[in-house]
Amino acid sequence: SVSTTTSVTITITDENDNAPTFNNLPADGIYDESVAEGTGNNYDIIKLTTSDLDSGENDNIDYSLLDNFDNRFKITSGGMIRTGSTVIDRETHSSFLLTVVATDNGTPPLSTSALVHVTITDVN
């Protein structure tokens, strides 16, 4: 009887089967923040973070806003929501409801969203 032994390497690749989830999401599902009217550009409002049970590119997350309200808000690639280049006036808008989308870099990409309620406080 003849026998042969060989080594085989098996590489297991993660399947993108988990959407990102937002961390520390309040029970009502809405983050609540405030910013003073007239606050300048690039003021940090809130940093959102997510978790993704996938690995590799499948857990690299990109953040976006569905509406920036005429450049009043923006979000960084790291999930920091900031004031934008348009000055916020409380007399025009007393609050904004931002929809943040977190999308992973998997194939196909999976995403989830969260709401951020931003109350504009009066300076006068």
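Sequential numbering from 1 along the given sequence is applied to the chain's residues.
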Residue pairs meeting ring pair (Phe, Tyr, Trp, His ring centres under 6.0 Å), one or both in residues 2-30, sequence neighbours left out, come to none
- Item | Pairs where residues 35-79 contributes a residue and the test ring pair (Phe, Tyr, Trp, His ring centres under 6.0 Å) is met, not counting sequence neighbours |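 The answer is Phe69-Phe96, Phe73-Phe96.
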Query - Pair listing, side-chain hydrogen bond (donor to acceptor under 3.5 Å, both in side chains) test, anchored in residues 73-84, at least two apart - result: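 For residues 73-84, and leaving out neighbouring residues, the side-chain hydrogen bond (donor to acceptor under 3.5 Å, both in side chains) pairs sorted by first residue read Asn41-Lys74, Asn42-Lys74, Asp44-Arg82.
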Cluster check Tyr31, Met80: I/L/V/M/F/W/Y, side chain < 4.5 angstrom = no
Side-chain polar contacts of residues 101-109 - donor-acceptor pairs under 3.5 angstrom, sequence neighbours left out - could you list them?
unit_1 : atom_1 : unit_2 : atom_2 : d
Asp104 : OD1    : Asn16  : ND2    : 3.1
Asp104 : OD1    : Gly106 : N      : 3.2
Asp104 : OD1    : Leu110 : N      : 2.8
Asp104 : OD2    : Asn16  : ND2    : 3.4
Asn105 : ND2    : Asn60  : O      : 3.1

Name all residues meeting the side chain to side chain contact (heavy atoms under 4.5 Å, CB included) criterion together with [X]; count only those two or more places apart in sequence or in a different chain, and write none if there are none.
X	result
Thr21	Ser51
Val8	Thr6, Ile10
Ser55	Asp14

*Quick one: which residue pairs count as a salt bridge (Lys or Arg N to Asp or Glu O under 4.0 Å) with a foot in residues 86-95, not counting sequence neighbours?*
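Residue pairs passing salt bridge (Lys or Arg N to Asp or Glu O under 4.0 Å), neighbours aside: none found.
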Residue pairs meeting salt bridge (Lys or Arg N to Asp or Glu O under 4.0 Å), one or both in residues 58-73, sequence neighbours left out, come to Asp70-Arg72
Value for CG (Asn23) from NZ (Lys47), rounded to nearest 0.5 Å, stands at 10.0 Å
**Prompt:** How about Asp28: does its CG atom have over 12 heavy atoms from other parts shown lying under 6.0 Å from it?
**Reply:** yes
I want to check something: taking the side chain as every heavy atom from C-beta on, are [X] and [Y] in contact at a cut-off of under 4.5 Å?
X	Y	value
Thr39	Ile88	no
Leu98	Leu115	no
Ile81	Val100	yes

Scanning both residues in full, the closest heavy-atom pair of Ser113 with Thr99 reads CB-CG2, 4.1 Å
Nearest heavy-atom contact between Ala114 and Leu25 is CB-CD1, 4.3 Å
* Are Thr119 and Asp32 close enough, and set up right, to give a side chain to side chain contact (heavy atoms under 4.5 Å, CB included), and what steps lead you there? -> CA-CA 8 Å; Thr119 301; Asp32 196 23; 4.2 Å; yes
side-chain hydrogen bond (donor to acceptor under 3.5 Å, both in side chains) filter on Ser64, not counting sequence neighbours, yields none
Applying side-chain hydrogen bond (donor to acceptor under 3.5 Å, both in side chains), can you list everything that pairs with Ser94, at least two apart in sequence or on another chain?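 Ser94 satisfies side-chain hydrogen bond (donor to acceptor under 3.5 Å, both in side chains) with no other residue.
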The remaining residues in the hydrophobic cluster of Leu53, counting side-chain heavy-atom contacts under 4.5 Å among Ile, Leu, Val, Met, Phe, Trp and Tyr, are none
* Asked: Hey, are Asn18 and Asp52 close enough side-chain-wise for a donor-acceptor pair under 3.5 Å?
  -> no
